[in-house]
Colleague: 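This is the structure, below, for whatever I ask next.
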Amino acid sequence: MAVRVLLLPPRRWFLLSSLLLVVAAAVPVVHGYGGGGGLTVGFYKESCPEAEKIVRKVVAAAVHDDPTTTAPLLRLHFHDCFVRGCEGSVLINSTKKNTAEKDAKPNHTLDAFDVIDAIKEKLERKCPATVSCADILAIAARDAVSLATKAVRQGRWSKDGNLYEVETGRRDGRVSSAKEAVTYLPDSFDGIRRLITRFASKGLSLKDLAVLSGAHALGNTHCPSIAKRLRNFTAHHNTDPTLDATYAAGLRRQCRSAKDNTTQLEMVPGSSTTFDAAYYGLVAQRKGMFHSDEALLRNDVTRGLVYEYMRSEESFLRDFGVSMVNMGRVGVLTGSQGEIRRTCALVN
């Protein structure tokens, strides 16, 4: 059954005709409905009824102590789903015989593992061997972005304080490979064709690509991630010509060295802890931090969505929930597949 995000009240739907790979959802939310790959909203209703409340409590405490925690929690779920599917492999520690995903170069800046561990510890005390680490990632990501969204915090979006309902029922994988993370994770320097290929390989559409890129509304980055765009870009251009020149000059002043891992750059200046549609305004002005952000302007579908979301934050927030559910269905293990890890960093 398709998923629609909770909304009070809906104003209008943005229609695009003849768009390849675009998915639209317009079915009312019903608690306990079946999702993709055997997932269900309310999966733990009988086996661990307090599961989502426990996750929310820990996430809320972490965000209260450090508002920047929202972006790492959202990013963990994304990086998990794009390698082997949404089965918690990003959390597994490396061993002497295996280098795990979390130690791959693209994952060196991942954070908030301690928040996931704290959630798992509380859930194991309440409901031993019941709630998967993969589901914890999905719920924590939903809670993080909900807490960062003003309309949700103010009670103008949904009655339960969530931006969208999250499907659960995933089980945990037993394999984690750094090589696979390097191969499958989208890169900040990806162009539009590469991005489309990566997303399509996970069954995700052009719309999902444009919407999920909006996660860059949250968080910070560091100078090495954009150094190539700022200096010695090509033999003919010192700076990436697709980046607004004035904006680039400001970034160069902040990043004196390409190896500066200390300076933090807000993805959306002045709004890096608030989840909204401001990111799309920056992209439209050629001020997206990454080359992959600017790439959204290189395709008719994704460019149209950039301008739509720039005009209508409500449309973006609604569609973001739908696309998060879509991503959360990628490569899931359910039923008797996989396991329920007792400790998220260790295979049983």
Side-chain angles (χ1 to χ4, degrees), residues 34-56 58-59 72-95 97-104 106-107 110-144 166-181 183-185 202-203 324-348:
L39 302 183
T40 305
V41 169
F43 180 83
Y44 299 107
K45 184 178 181 180
E46 302 297 332
S47 61
C48 190
E50 300 297 310
E52 292 194 30
K53 289 183 180 179
I54 290 171
V55 176
R56 173 59 71 96
V58 176
V59 171
L73 287 172
L74 185 56
R75 194 164 174 240
L76 275 176
H77 184 41
F78 184 96
H79 280 231
D80 183 43
C81 292
F82 265 76
V83 184
R84 304 190 73 86
C86 309
E87 36 74 82
S89 56
V90 73
L91 302 172
I92 297 175
N93 285 343
S94 294
T95 65
K97 296 182 179 181
N98 179 65
T99 303
E101 291 172 35
K102 65 166 59 174
D103 290 317
N107 286 335
L110 289 181
D111 202 353
F113 292 103
D114 58 323
V115 179
I116 302 301
D117 290 340
I119 294 169
K120 183 61 172 175
E121 182 180 349
K122 289 183 180 296
L123 286 170
E124 284 297 303
R125 287 203 299 264
K126 185 73 173 181
C127 313
T130 302
V131 182
S132 70
C133 299
D135 275 345
I136 291 173
L137 286 173
I139 300 168
R142 187 275 310 275
D143 289 350
V166 65
E167 296 175 343
T168 45
R170 300 169 187 81
R171 288 172 65 84
D172 298 321
R174 300 186 179 98
V175 177
S176 184
S177 166
K179 290 182 179 179
E180 291 182 356
T183 299
Y184 296 115
L185 283 172
K202 305 301 176 185
M324 284 294 286
V325 170
N326 290 342
M327 184 183 75
R329 294 172 173 175
V330 173
V332 295
L333 303 177
T334 58
S336 61
Q337 298 172 315
E339 64 184 18
I340 303 296
R341 280 186 231 133
R342 291 185 289 272
T343 301
C344 288
L346 304 173
V347 175
N348 291 345

Colleague: With salt bridge (Lys or Arg N to Asp or Glu O under 4.0 Å) as the rule and sequence neighbours excluded, what pairs involving residues 38-48 come up?
Modeller: none
Colleague: Kindly compute the distance separating CD1 (Ile54) from CD (Glu124), expressed to the nearest 0.5 Å.
Modeller: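 Ile54 atom CD1 to Glu124 atom CD measures 10.5 Å (nearest 0.5 Å).
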Colleague: Of all residues at least two apart in sequence or in a different chain, which pass the salt bridge (Lys or Arg N to Asp or Glu O under 4.0 Å) check with Asp143?
Modeller: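 For Asp143, the residues satisfying salt bridge (Lys or Arg N to Asp or Glu O under 4.0 Å) (neighbours in sequence not counted) are Arg56.
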Colleague: By side-chain hydrogen bond (donor to acceptor under 3.5 Å, both in side chains), which residues pair with Asn98, not counting sequence neighbours?
Modeller: none
Colleague: By the definition side-chain contact (heavy atoms from CB on, under 4.5 Å), identify the one residue from Leu91, Val347, Ile92 that meets it with Ser176.
Modeller: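 That would be Ile92.
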Colleague: Atom SG of Cys81 and atom CZ of Arg170: how far apart are they, to the nearest 0.5 Å?
Modeller: 6.5 Å
Colleague: Measure the spacing between CG of Leu346 and SG of Cys133 and express it to the nearest 0.5 Å.
Modeller: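 Answer for the CG-SG pair, Leu346 versus Cys133, is 9.5 Å.
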Colleague: Any chance you could measure Ser89, atom OG, to His79, atom NE2, to the nearest 0.5 Å?
Modeller: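 Going from the OG atom of Ser89 to the NE2 atom of His79 covers 12.5 Å.
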Colleague: Among all residues two or more places apart in sequence or in another chain, which pass the ring pair (Phe, Tyr, Trp, His ring centres under 6.0 Å) test with Phe78?
Modeller: Phe82
Colleague: To the nearest 0.5 Å, how far apart are CG in Leu74 and CG in Leu137?
Modeller: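 That separation rounds to 11.0 Å.
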Colleague: With sequence neighbours excluded, tell me which residues meet side-chain hydrogen bond (donor to acceptor under 3.5 Å, both in side chains) with Tyr184.
Modeller: none
Colleague: Report yes if the side chains of Val90 and Val83 come closer than 4.5 Å at any heavy-atom pair, otherwise no.
Modeller: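 A side-chain contact is absent here, since even the closest heavy-atom pair is not under 4.5 Å.
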Colleague: Can you name the residues that form a salt bridge (Lys or Arg N to Asp or Glu O under 4.0 Å) with Glu50, not counting sequence neighbours?
Modeller: none
Colleague: Quick one: which residue pairs count as a side chain to side chain donor-acceptor pair (under 3.5 Å) with a foot in residues 335-348, not counting sequence neighbours?
Modeller: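 Only Arg174-Glu339 qualify under side chain to side chain donor-acceptor pair (under 3.5 Å).
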Colleague: Check side chain to side chain contact (heavy atoms under 4.5 Å, CB included) between Ala140 and all other residues, then give those that pass, not counting sequence neighbours.
Modeller: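 Ala140 satisfies side chain to side chain contact (heavy atoms under 4.5 Å, CB included) with Val55, Val59, Leu73, Ile116, Ile119 once adjacent residues are dropped.
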Colleague: Just so I know, are the side chains of Val58 and Lys122 near enough to count as touching, which here means a heavy-atom distance under 4.5 Å?
Modeller: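 A side-chain contact exists here, since the closest heavy-atom pair is under 4.5 Å.
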Colleague: Are Thr334 and Arg171 close enough that some pair of their side-chain heavy atoms sits under 4.5 Å apart?
Modeller: no
Colleague: Which residue pairs pass the salt bridge (Lys or Arg N to Asp or Glu O under 4.0 Å) test when at least one of the two sits in residues 77-93, sequence neighbours left out?
Modeller: Arg84-Glu180
Colleague: How long is the span from the OH atom in Tyr44 to the OG1 atom in Thr168, to the nearest 0.5 Å?
Modeller: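 Atom-to-atom, Tyr44:OH and Thr168:OG1 are 6.0 Å apart.
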Colleague: For Asp117, check side-chain hydrogen bond (donor to acceptor under 3.5 Å, both in side chains) against everything at least two apart and list the hits.
Modeller: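 side-chain hydrogen bond (donor to acceptor under 3.5 Å, both in side chains) check on Asp117 returns nothing, list empty.
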Colleague: Find out whether Ile136 and Leu123 are in side-chain contact, i.e. whether some heavy atom of one side chain is under 4.5 Å from a heavy atom of the other.
Modeller: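 Yes. Closest side-chain heavy atoms under 4.5 Å.
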Colleague: Phe43: what forms a ring pair (Phe, Tyr, Trp, His ring centres under 6.0 Å) with it, not counting sequence neighbours?
Modeller: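 Not a single residue meets the ring pair (Phe, Tyr, Trp, His ring centres under 6.0 Å) criterion with Phe43.
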Colleague: Under a 4.5 Å cut-off applied to non-hydrogen side-chain atoms, are Arg329 and Cys86 in contact?
Modeller: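 Not in contact.
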Colleague: Listed by chain and number, what are the salt bridge (Lys or Arg N to Asp or Glu O under 4.0 Å) partners of Glu52, not counting sequence neighbours?
Modeller: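 So Glu52 forms a salt bridge (Lys or Arg N to Asp or Glu O under 4.0 Å) with Arg142.
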